[in-house]
Amino acid sequence: VPSSNIRNFSIIAHIDHGKSTLADKLLQMTGTVESREMKAQFLDNMDLERERGITIKLQAARMRFMYNNEAYCLNLIDTPGHVDFSYEVSRSLAACEGALLVVDASQGVEAQTLANVYLALENNLEIIPVLNKIDLPGADPERVSREIEEVVGLDCSDAIYCSAKEGIGINEILSAIVQKIPPPQDTAERPLRALIFDSYYDAYRGVIVYFRVIDGTIRKGDRIMFMASKKDYYADEVGVLSPNQLQVNQLNAGEVGYLSASIRSVADARVGDTITHYSRKAEESLPGYKEATPMVFCGLFPVDADQFTELRDALEKLQLNDAALKFEPETSSAMGFGFRCGFLGLLHMEIVQERLEREYNLSLITTAPSVVYRVNCVNGDTVECSNPSLLPEPGSRRSIEEPYVKIEMLTPKDYIGALMELAQDRRGEFKELKFITEIRASIIYELPLAEMVGDFFDQLKSRSKGYASMEYSFIGYKESDLIKLDIQINGDPVEPLSTIVHKDKAYAVGRALTQKLKELIPRQMFKVPIQACIGSKVIASEAISAIRKDVLAKCYGGDITRKKKLLRKQAEGKKRMKAIGRVDVPQEAFMAVLKLE
Ligand code: GTP
């Protein structure tokens with residue numbers, strides 16, 4: 001296919017607005033996949049993704065479409081749907097000339113969608129508005145079109161009305177892709193530059209790299225080089241995604257495909273890196289490459305100390321496939337040996353945890369996530385601290401800075417008050433409130449990332465009955481009046497429960513945290529005091545009373561099967577407990593600080 005007959009596009013949509021359903025229909029209509037071989041949704045092909053119903057990893061698919069008796073090659077590049085992965089979204093958009101903006105016609109534009117539309121506009125993409133779910137009785141495509149025009153400034157006079165579910169408007173969408181999205185430039189003569197928009201680790205072939213050829217040509221057998229990692233390899237296999245991998249001999253400027261080259265870790269061929277030829281190098285790499293910077297850290301400890309080596313092996317394996325995952329050994333007197341791990345955000349953290357437990361059969365205790373603080377010390381040094389228990393002592397530090405984010409919340413006007421209160425409670429600094437339509441508003445705040453980690457998103461959803469959406473971006477570090485709050489259980493300091501809080505909140509957090517821990521830690525044979533301290537000063541204290549004798553007596557009575565059942569139950573419960581001194585502390589207690597309201 002000549003490059004003039006290629007169209008590269010992606011789909012921008014908010015979660016649940018129908019992206020996967022539409023992608024499936026496009027694949028079906030173009031005969032790319034037979035409907036009988038379609039899994040429920042082809043593009044989201046990781047189990048975890050399907051279970052959570054969200055797109056984490058992006059993928060691509062090539063379709064053939066006949067338009068005015070000419071064959072066109074349409075490459076759909078999928079984008080992940082969560083804020084933690086916005087860098088991956090930006091790279092997949094950079095690999096396209098256009099995008100479908102899919103909006104649920106019974107809802108409206110959401111914050112995350114807006115953020116991605118702006119990314120697409122920055123990349124000069126042609127945007128085709130599509131109003132989905134017009135089959136729903138509550139659909140009001142005219143209203144939503146006006147909203148898109150007002151909010152995004154995008155002409156919606158020929159927006160396409162569609163129902164991905166019923167297959168309405170699919171042909172119009174395919175035709176619009178051909179008519180409106182510009183073809184890629186034919187720069188096959190230039191030195192090779194291909195943009196990586198995804199990569200994953202395959203146990204047999206090594207890393208599989210998904211890319212868009214921007215300039216030049218890549219052939220099977222070529223000696224290639226990754227410009228950021230500076231690693232070079234021979235391309236064993238080059239192919240297209242139809243959507244299954246299909247080998248070809250070469251790919252030219254404008255085309256989208258994959259390669260394998262016995263690459264051992266995704267860190268050598270990361271999203272955003274540029275592929276060039278080893279012997280005829282491009283002068284400059286493609287713009288936009290960024291190192292992955294973890295924003296959130298937590299400790300991961302095996303419940304059973306014997307699993308330490310297994311945990312390390314599992315993390316190493318996961319890292320082969322996840323360049324953003326960082327980890328280093330962490331030892332704590334309370335928790336024993338484990339790892340301090342860094343993640344892009346909370347969802348990323350949960351995904352990794354879940355994999356470790358599910359795919360590697362590990363039983364883990366996770367400590368509350370922390371952001372990275374910058375501590376300016378008296379001696380002039382600046383140290384980064386992602387582990388509250390390691391915060392330099394008050395005497396040696398001059399000031400502490402913490403990461404700030406700018407958040408934008410989109411909400412129906414009824415919930416403006418509730419959401420402003422939420423942001424205010426989280427030390428938010430009000431920036432802007434504007435009505436994007438008569439009934440929907442955008443609220444902008446700047447607040448500490450630490451206040452967002454945890455239940456902020458859940459709160460936003462519950463306070464708006466599910467109607468608000470949000471988006472955030474890191475804006476930099478700011479000095480704050482922060483102190484460390486320590487917890488002692490039965491007189492033993494429990495470092496993983498230490499937390500860094502704003503001075504004005506310390507007493508409230510101390511009280512709430514001790515109360516919460518009292519609820520979460522099971523009663524023991526003896527009385528257990530729980531104290532919150534700042535330095536050596538106790539600011540809040542609670543006590544868990546001892547189990548009474550008669551309760552115990554009851555437990556040990558009864559017949560043997562019952563006793564066995566009880567023992568088994570206890571053993572199961574124990575799995576997620578860590579013995580701190582003489583007290584068993586359950587997993588939930590380590591996360592208590594996140595849910596104090
Ligand atoms: P993520 O993968 O989480 O980003 O979601 P998505 O945007 O891919 O949404 P998905 O395609 O999974 O659709 C979400 C829900 O909306 C599903 O229950 C679909 O069946 C439904 N849906 C999608 N398109 C339509 C449509 O045109 N009409 C109706 N009534 N429902 C639709």
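Heavy atoms only: backbone and side chains are in, while hydrogens, waters and symmetry mates are out. These numbers come from a predicted model, not from an experiment.
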Practice problem: Let me see the working for Phe65 and Tyr72 under ring-ring contact (aromatic ring centres under 6.0 Å, His included), right down to the final yes or no. | Solution: CA-CA 5 Å; Phe65 178 61; Tyr72 285 83; 7.5 Å; no
Tell me whether [X] contacts the main-chain N or O of [Y] through its side chain, where contact means a donor paired with an acceptor under 3.5 Å.
{"X": "Thr276", "Y": "Ala282", "result": "yes"}
{"X": "Gln587", "Y": "Thr366", "result": "yes"}
{"X": "Thr187", "Y": "Ile214", "result": "yes"}
{"X": "Arg7", "Y": "Ile181", "result": "yes"}

Checklist entry - Can a donor-acceptor pair be found between the side chains of Asn132 and Tyr161 at a distance below 3.5 Å? => result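 On atom types as modelled, these side chains do not qualify, holding no pair under 3.5 Å.
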- Query: Is it true that the side chains of Ser10 and Asp78 contain a donor and an acceptor less than 3.5 Å apart?
  - Reply: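 No pair is found: no donor N or O on one side chain lies under 3.5 Å from an acceptor on the other.
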Check: Tell me, which pairs form a side-chain hydrogen bond (donor to acceptor under 3.5 Å, both in side chains) where one or both residues lie in residues 249-259, sequence neighbours left out?
Finding: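 Listed once each, the pairs are Thr217-Asn252, Arg219-Gln250, Glu237-Tyr258, Gln250-Asn252.
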ask   = So, do Arg91 and Lys290 sit near enough that their side-chain heavy atoms are less than 4.5 Å apart?
value =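 No, their side chains stay 4.5 Å or more apart.
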Q. side-chain hydrogen bond (donor to acceptor under 3.5 Å, both in side chains) with Arg355: which of Glu357, Gln353, Glu359?
A.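 Of Glu357, Gln353, Glu359, side-chain hydrogen bond (donor to acceptor under 3.5 Å, both in side chains) with Arg355 is met by Glu359 alone.
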Applying side-chain contact (heavy atoms from CB on, under 4.5 Å), can you list everything that pairs with Lys431, at least two apart in sequence or on another chain?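 In terms of side-chain contact (heavy atoms from CB on, under 4.5 Å), with neighbours along the sequence ignored, Lys431 is linked to Glu429, Ile444, Glu446.
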- Who are the side-chain contact (heavy atoms from CB on, under 4.5 Å) partners of Ala203, not counting sequence neighbours?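 Result, side-chain contact (heavy atoms from CB on, under 4.5 Å) vs Ala203: none returned.
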